[in-house]
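Have a look at the structure below, then the notes.
Hydrogens, waters and symmetry mates play no part in the numbers below; they use all other heavy atoms, side chains included.
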2 protein chains.
Amino acid sequence: METGDHKDCLGVIMPVRDALDVINGKWKLPIIIAISRGHKRFRDIERNIPKITSKVLSKELKDLEAHKLIKRSVFDSQPVSVEYTLTPYADTLNPVIDALFVWGTQHRKTIFGSSEPQG
Amino acid sequence: METGDHKDCLGVIMPVRDALDVINGKWKLPIIIAISRGHKRFRDIERNIPKITSKVLSKELKDLEAHKLIKRSVFDSQPVSVEYTLTPYADTLNPVIDALFVWGTQHRKTIFGSSEPQG
DNA sequence: CTGGATCCGCTTAGATACTG
DNA sequence: CAGTATCTAAGCGGATCCAG
């Protein structure tokens, strides 16, 4: 397979871009993580994601729902409550989240350990 | 560890966000993939990434260099040529890229197979 | 108090063109 | 070939407001 130097590029880039298209932005994965951790309510999710605002969360939630990664269930209680849960499809993202977690953890060590903290 | 329902959230979100901070956006991973495939020159990278523009490529390349993921080497030839290569640190991203590739491939099948094509 | 929508400013991304 | 400049459009983020 690896005969030369300029290997197939598009065949790798395109699926990766399809994936990036879905988890695009700084919020989608954190939201999925928060929900997977048992935070199903809007404010509960909001509180568990540093610096996110209602507006952004609202928008991202809709986006995620359109991608079939989360399910929005409305309960006709008093007052109305809404629960966000992950779909089984979202669970297939676990290897991605795990890889990111591992790399991010290592990266954090690298940047904090070498010269200066970041934020 | 998994005693309850509301599990540690920040401990997962923060490293993931550190990772997302680095590979943020639609271009960084495609660029890394292109370079890893043997495309080292500016125009060569540009041509192998659909829809990227010079400006964005230029900016992303600087970003990636600042994060120590790529190395920019200037050769004093006629005319001056520049080569971008991956650092060993960039290689540690392989599990992430691989996970994204696997998921993206599957996702592509899902969206093309169910109703309508996307891009 | 929950789940948003709206107005507005700032930062980014993208199209096109240009320089060394 | 290897980028920069300029302009515009879109998206992010903050504050505020609204319905139940």
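Applying the side-chain hydrogen bond (donor to acceptor under 3.5 Å, both in side chains) test to A:Lys68 and every residue at least two apart in sequence or in another chain returns nothing.
A donor-acceptor contact under 3.5 angstrom links the side-chain atoms of A:Lys55 to the base of D:dG14. Between the side chain of B:Arg43 and the base of D:dG3, a donor-acceptor pair under 3.5 Å is found.
In this structure, CG in B:Leu86 is found 9.5 Å from CG in B:Leu93, a value given to the nearest 0.5 Å.
As a whole-Å value, the separation of A:Ile31 CD1 from C:dG4 P is 12 Å. If you measure from atom CZ of B:Arg72 to atom C1' of D:dA2, you get 8 Å, rounded to the nearest angstrom. Atom-to-atom, NZ of B:Lys40 to C1' of D:dC1 comes out at 17 Å; the value is rounded to the nearest Å. Put simply, CG on B:Asn24 is 15 Å from P on D:dG11, counting in whole angstrom units. Taking atom CD of A:Glu46 as the reference point, atom P of D:dA15 lies 13 Å away to the nearest angstrom. Taking atom CG of A:Leu57 as the reference point, atom P of D:dG11 lies 18 Å away to the nearest angstrom. Taking atom NZ of B:Lys26 as the reference point, atom P of C:dA13 lies 9 Å away to the nearest angstrom. In this structure, the NZ atom of A:Lys51 is 17 Å from the P atom of D:dC12, given to the nearest Å.
Taking side-chain N and O atoms only, A:Lys62 has a distance below 4.0 Å to OP1 or OP2 of C:dA5. Contact annotation: A:Lys59 reaches the phosphate of D:dC12 (side-chain N/O to OP1 or OP2, under 4.0 Å). Considering only side-chain N and O atoms, B:Tyr84 lies nowhere under 4.0 angstrom from the phosphate OP1 or OP2 of D:dC1. For D:dG3, the OP1/OP2 oxygens have no side-chain nitrogen or oxygen of B:Arg41 closer than 4.0 Å. The side chain of B:Trp27 contributes an N or O atom lying less than 4.0 Å from OP1 or OP2 of C:dG14.
Ring planes of B:Tyr84 and B:Phe42: tilted class, angle from 30 to 60°.
Residue B:Ser54 is classed as a base contact, given a heavy-atom separation below 4.0 Å to a base. When heavy atoms are screened at a 4.0 angstrom cut-off, A:Val82 is found touching the sugar-phosphate backbone but no base atom.
Listed nucleotides: C:dA13, D:dA2, C:dA15. Nearest to the side chain of B:Thr53: C:dA15. Closest to the side chain of B:Ser58, from the set C:dT2, C:dG3, D:dT4, is D:dT4.
Electrostatic pairing of B:Arg43 and B:Glu46 counts as a salt bridge here, judged by a charged N lying under 4.0 Å from a carboxylate O.
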Atom pairs and distances, side-chain donor-acceptor, residues 16-25 of chain A, under 3.5 Å, sequence neighbours left out:
residue, atom, partner, partner atom, Å
A:Arg17, NH1, B:Pro50, O, 3.4
A:Asp18, OD1, B:Arg108, NH1, 3.0
A:Asp18, OD2, B:Arg108, NH1, 2.1

